[in-house]
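Here is the structure we will look at.
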Number of protein chains: 2
Amino acid sequence: MARVTIQDVAQAANVSPSSVSNFLNDRQDRMVAATRDRIEAAIAELGYRPNRAARQLRNGKSQTVGLVVPSVGNPFWGAFAHEVEIAALALGCSVLLCNSERDPDRERRYVEELWEDGVRSIILCTSLPSLDHVSHVISEGLRLVTFDRPAQPHDPESVVSISVDNNVGGHVATTHLLELGHTNIAFVSGSIRSVNRSARYRGYCDAIEAAGLNVADMPHWAGLEADQFGDVEASELGRAAALELFADRATAPTAVVAINDMTALGFCRGLRDMGLKVGQDVSVIGFDDIILADLYDPPLTTVRQPITRMAQLAVSEAVERGSSESTDPGSSVLLRPELVVRESTALYANTISDSFLHVPATP
Amino acid sequence: MARVTIQDVAQAANVSPSSVSNFLNDRQDRMVAATRDRIEAAIAELGYRPNRAARQLRNGKSQTVGLVVPSVGNPFWGAFAHEVEIAALALGCSVLLCNSERDPDRERRYVEELWEDGVRSIILCTSLPSLDHVSHVISEGLRLVTFDRPAQPHDPESVVSISVDNNVGGHVATTHLLELGHTNIAFVSGSIRSVNRSARYRGYCDAIEAAGLNVADMPHWAGLEADQFGDVEASELGRAAALELFADRATAPTAVVAINDMTALGFCRGLRDMGLKVGQDVSVIGFDDIILADLYDPPLTTVRQPITRMAQLAVSEAVERGSSESTDPGSSVLLRPELVVRESTALYANTISDSFLHVPATP
DNA sequence: TAGTGTCAGTGCATCGTTACACCGACGACG
DNA sequence: CGTCGTCGGTGTAACGATGCACTGACACTA
């Protein structure tokens, strides 16, 4: 059961290893049909599979795509990683998984390491405003696809971005709450020093102002000590936000736009700690539509990201850039998010419930 | 910025490449201290990093550990993958991610492919009773660590298993409900043709009988068409179970042991569909303690798996088997799960609520 | 002093694949 | 008929690391 090499195939097909190599690397124009068929048959018969290590050693590239996410422990990123793996498999690639924990330094180290290990395509899920920390690798030829981070003016030319249109996402979410009659709508985000978060916030602001309201009047909860929380802990953040925003019932909002579903869920949990009912006392809308959104009680209204499609796009941009239907380098794909209305948002008219007005202050 | 090779280091240190190789491969006894220091200095100065592809080509092994999970889209597996990556990083390894979708054939294909690509250590999260589908690779020398699947009598000798003690887990969960006074306790599992699930079921049965009750009197919901559902869909399964078990209120249980948290959450969602309140009308206990368990409303009582510890064990068994403190080959590590009481379980005495008795039948 | 052993370090073939440079044969063209 | 171009295919030197088999120097022993 020793390994079948290209030599074995060559021998079986009565050609030189070079020809087999030519066959494998799409230079079939260089040979007559009969030869091609013999090689093909030999490969099939011997069950030959090229040795990745040798290939990679020889030409410095690997068939692996690097995936750098903040943390697969977060259900959104877990789901995305799942979709990426499926898409990569379809293209014959493996996925090397890295968790950056949203640490720019880890991002850089991972990207450098992957590059040095021959990985030439990386899907980087970052939302840092600048790509300076990895630009030196890009300039050496790395195919970088950023996810969840639209292209920025100063990005290196070759970078492709796949993202949802966060601006319209934030707008859609906020408009939904406005249409339900809410006029005191908080934005809960943690730090927004990231391009996707600030875009969502902009969408929120635009919607508020378009409704003739003043953003300055709305509570904006932007985290504890800046960036103290990583990604899995988004829910902790939401929870903390709820406790803080509802400490004073007089000024508390009746509706909340959360930066993502995990934060929204944490917020709901915090509301519960304070004896408030989501979708009754307070309307909460999330972002992402993770599997848990539909499972929650009440099911969470949210803005869905089409992650399957996005994962496919990201992988195909990463591994087959330059092929027929691929995007131009430097382009940015912005997919349209979709509002999913469930039960965590309700008419403002129904919001002023007994429980809201008479609930005792928490200790 | 060309690659620094072992030759460059050798030249800089005034030794032969062989000596550098010796240095790198723990054969430092073969050289005098001064030489060692020179090599060390040269490596540091040039920033040398061994080329993985070349290494792998030469000796057929890679520094990568393969991780085969049912689906990283499932928050439990996502969290586990996260921990595995952290543990692997600490040991200088990368993690290659594969989703088996619980399909034995995909498991086999992935394992074979990883093996052929030089991966010599695989953490396989399977719960298939037999390892026959991968035993041929094991016999060639693969270091296989199974996770969430205790060793079975017919397993190949070299396999190490890391798992929680599912039997006591099931027992602890059930006992908790019994202690709350429940006597009609359902078991919701989907197919239990997997060793961990059947162990949990056994623990459940033991506890029921130890309480002087009869397992035959308890509802056991074991899935729709056997195995129709994958892993992410565990929640769908739970939801379906709820609708079915509570179709007839007369025989419906007052408490439920779910096979895992996702199923439990789905079950809660189903209960909600029927107008029932978890932790009030019905007590529900899960298994795993995923991050969402604490976030849920009501927070889910569950049996926690110590995944950080388990991931560390799995990785260290996979990559450094044979080292000092490692387990004997063929051993099985069973960690103790921990009951986490939250609010989805309640005293039976409090269970017979108005809403339970008078809720209208759903259409 | 010849013989044996140990120590520190090196030469070289090798892993499987690739692509450049080459080669022979045949056809066409001036 | 000689020459050139093209086609189909091959030889070979890498890519970078490894470890066996070896060597030269020195020490110790009989």
Side-chain angles (χ1 to χ4, degrees), chain A residues 1-40 42-43 46-64 92 113 115-120 141, chain B residues 1-40 42-43 46-64 92 113 115-120 141:
Chain A
M1 176 110 177
R3 199 169 228 305
V4 181
T5 77
I6 204 172
Q7 325 275 351
D8 302 331
V9 176
Q11 206 164 352
N14 242 308
V15 291
S16 75
S18 302
S19 291
V20 181
S21 174
N22 284 334
F23 173 85
L24 292 170
N25 293 277
D26 287 326
R27 275 183 295 271
Q28 302 183 11
D29 50 313
R30 290 198 165 276
M31 67 191 68
V32 90
T35 313
R36 172 166 58 247
D37 294 346
R38 284 209 317 283
I39 296 178
E40 206 155 15
I43 288 177
L46 299 176
Y48 167 74
R49 282 173 33 92
N51 179 319
R52 288 194 181 206
R55 267 196 164 163
Q56 179 174 339
L57 173 61
R58 179 59 230 239
N59 52 28
K61 300 170 190 217
S62 86
Q63 284 294 340
T64 302
E113 206 169 304
W115 172 260
E116 289 190 359
D117 286 345
V119 175
R120 291 293 167 265
Chain B
M1 176 110 176
R3 197 167 229 304
V4 180
T5 77
I6 203 171
Q7 326 275 350
D8 302 331
V9 176
Q11 206 164 351
N14 243 309
V15 292
S16 74
S18 303
S19 291
V20 181
S21 174
N22 284 334
F23 173 85
L24 291 170
N25 292 277
D26 286 327
R27 277 181 296 270
Q28 304 183 9
D29 50 315
R30 290 200 165 276
M31 66 192 70
V32 89
T35 312
R36 172 165 58 246
D37 294 345
R38 282 209 320 283
I39 296 177
E40 207 155 14
I43 288 177
L46 299 177
Y48 167 74
R49 282 174 31 93
N51 179 321
R52 288 194 182 206
R55 266 195 167 162
Q56 178 173 341
L57 173 60
R58 180 57 230 248
N59 52 28
K61 301 170 188 217
S62 86
Q63 284 294 340
T64 302
E113 206 168 304
W115 172 259
E116 289 190 359
D117 287 345
V119 175
R120 292 293 167 265

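Here is the naming used below: chain letters follow the sequence lines, and residue numbers restart at 1 for every chain.
- In terms of modelled atom types and a separation under 3.5 Å, the side chain of B:Arg120 and the main chain of B:Gly60 share a donor-acceptor contact.
- In this structure A:Arg52 satisfies the salt bridge (Lys or Arg N to Asp or Glu O under 4.0 Å) test together with B:Asp117, sequence neighbours excluded.
- Put simply, CZ on B:Arg55 is 19 Å from P on C:dG16, counting in whole angstrom units.
- The nearest pair of heavy atoms linking B:Tyr48 to B:Thr5 is CE1-C, 3.6 Å.
- Across all strands shown, B:Val15 has heavy atoms under 4.0 Å from sugar-phosphate atoms exclusively, and none from any base.
- Qualifying salt bridge (Lys or Arg N to Asp or Glu O under 4.0 Å) partners for B:Arg27, counting only residues two or more places apart in sequence or in other chains: none.
- Note on A:Asn22: a base of the nucleic acid sits closer than 4.0 angstrom, heavy atoms only.
- As a whole-Å value, the separation of B:Lys61 NZ from C:dG16 P is 16 Å.
- Rounded to whole angstrom, the span from the CG atom of B:Leu46 across to the P atom of D:dG16 amounts to 14 Å.
- When heavy atoms are screened at a 4.0 angstrom cut-off, A:Gln7 is found touching base atoms of the nucleic acid.
- Contact annotation: B:Arg27 side-chain N/O to D:dG19 OP1/OP2 distance is under 4.0 Å.
- Taking atom CZ on A:Arg38 and atom P on D:dG8, their separation rounds to 14 Å, with Å as the unit.
- Rounding to the nearest 0.5 Å gives a distance of 11.0 Å between OG of A:Ser19 and CG of A:Asn14.
- Listed for the B:Arg3 side chain is a donor-acceptor partner under 3.5 Å among the backbone atoms of B:Arg49.
- Rounded to an integer number of Å, the gap from CG of B:Asp37 to P of C:dA8 is 14 Å.
- Separating the CE atom of B:Met31 from the C1' atom of D:dG19 is a distance of 13 Å, rounded to the nearest angstrom.
- In this structure, CG of A:Leu24 is placed 15 Å from C1' of D:dG9, rounded to the nearest angstrom.
- At a threshold of 4.0 angstrom between heavy atoms, the contacts of B:Tyr48 are confined to the sugar-phosphate backbone, with no base atom among them.
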Atom pairs under 3.5 Å: protein N/O with N/O of nucleotides 11-15 of chain C:
from: C:dG11; atom 1: N7; to: B:Ser18; atom 2: OG; distance (Å): 3.1
from: C:dG11; atom 1: O6; to: B:Ser18; atom 2: OG; distance (Å): 2.9
from: C:dT14; atom 1: O2; to: B:Arg58; atom 2: NH1; distance (Å): 3.1

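- The two residues B:Ile6 and B:Pro17 come nearest to each other via the heavy atoms CD1-O, 3.9 Å.
- Between the CZ atom of B:Arg49 and the P atom of D:dA17 there is a distance of 11 Å, given to the nearest Å.
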